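One structure is given below, encoded as structure tokens.
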Amino acid sequence: MENTQKYPMMVSSTKSDNYISYLLAEIVLVSSITFIGAAFIIFYAVGKSDVRTGGDNLSTFTDSPAFYACICLIPVLITVSTLIHFRNRNYIVAYSFDHDLQVLRLEHRKLSKPVSEFRIPFSELEVRKFQERKILVNQTYSGATIVNEGVKYDFVTNNFIWEKQPRMRLNFLRELRELNHQV
């Protein structure tokens, strides 16, 4: 019989939330900023080029706003696809360190997939520091990555999943450090 009462699961308050809504809000914000930024940069660059060369390329954009908008959409598409790539990960939404059985129980989910559970013996824990690269306007996530059978599971410390539960977040990282897995 397992000793789950002694080591209960620490569960994120957003475990059953719709993560797609968080992603859609971020996509709208990133798209807006990127579109406006691209529009200003393109307008400035073409205008400066026209002044330097005496050309009239800026009139192409003012005569055809649809063409101008299509050119501004290219960076938006690149940014949104990059954002979706970085956000589609296995998020750890619950954990329990069972010291009697020497097992870490984890529950994880992706953006649109249901929660699933797995266990890793302490002796097989492979933990890496998780630090995302900054690309344009995305918020860089940090935390810990646990690798199990080639699959990465991310415990993100600075996003919506654990933001309202700082004590649980810190306890998870402290437990990993105590198991001699530096994070």
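Since the structure is predicted, the reported quantities are computational estimates derived from the model, not experimental observations. The residues of the chain are indexed from 1 along the displayed sequence.
Distance check, rounded to the nearest 0.5 Å: CG of Leu83 to CD of Glu26 gives 4.5 Å.
Listed by chain and residue number, His108, Lys110, Val151, Tyr153 satisfy the side-chain contact (heavy atoms from CB on, under 4.5 Å) test with Asn90 (two or more places apart in sequence, or in another chain). Annotation: ring-ring contact (aromatic ring centres under 6.0 Å, His included) contacts of Phe97 (sequence neighbours excluded): Tyr95, Phe172. Qualifying side-chain hydrogen bond (donor to acceptor under 3.5 Å, both in side chains) partners for Asn88, counting only residues two or more places apart in sequence or in other chains: none. Not counting sequence neighbours, Arg109 has no partner by the salt bridge (Lys or Arg N to Asp or Glu O under 4.0 Å) test. Taking the salt bridge (Lys or Arg N to Asp or Glu O under 4.0 Å) definition, one finds that Lys164 meets it with nothing, sequence neighbours left out. Partners of Ser31 under the side-chain contact (heavy atoms from CB on, under 4.5 Å) rule, at least two apart in sequence or in another chain, are Ile27, Val76, Val80. With sequence neighbours left out, the side-chain contact (heavy atoms from CB on, under 4.5 Å) criterion links Gln165 to Ser12, Ser13, Trp162, Met168. By the ring-ring contact (aromatic ring centres under 6.0 Å, His included) test, Phe35 is found to be paired with no residue, residues two or more places apart in sequence or in another chain being considered. Listed by chain and number, the residues in a side-chain contact (heavy atoms from CB on, under 4.5 Å) with Val51 amount to none (sequence neighbours excluded).
Counting only residues at least two apart or on different chains, the salt bridge (charged side-chain N to carboxylate O under 4.0 Å, His left out) pairs with a member in residues 151-160 are Arg89-Asp154.
Residue Tyr68 is found in a hydrophobic cluster whose other members, listed by chain and number, are Ile42, Phe43, Val46, Leu58, Phe61, Phe67, Ile71; membership requires side-chain heavy atoms under 4.5 Å apart, directly or through intermediates. Applying the under-4.5 Å side-chain rule to Ile, Leu, Val, Met, Phe, Trp and Tyr, the cluster around Ile36 extends to Phe40.
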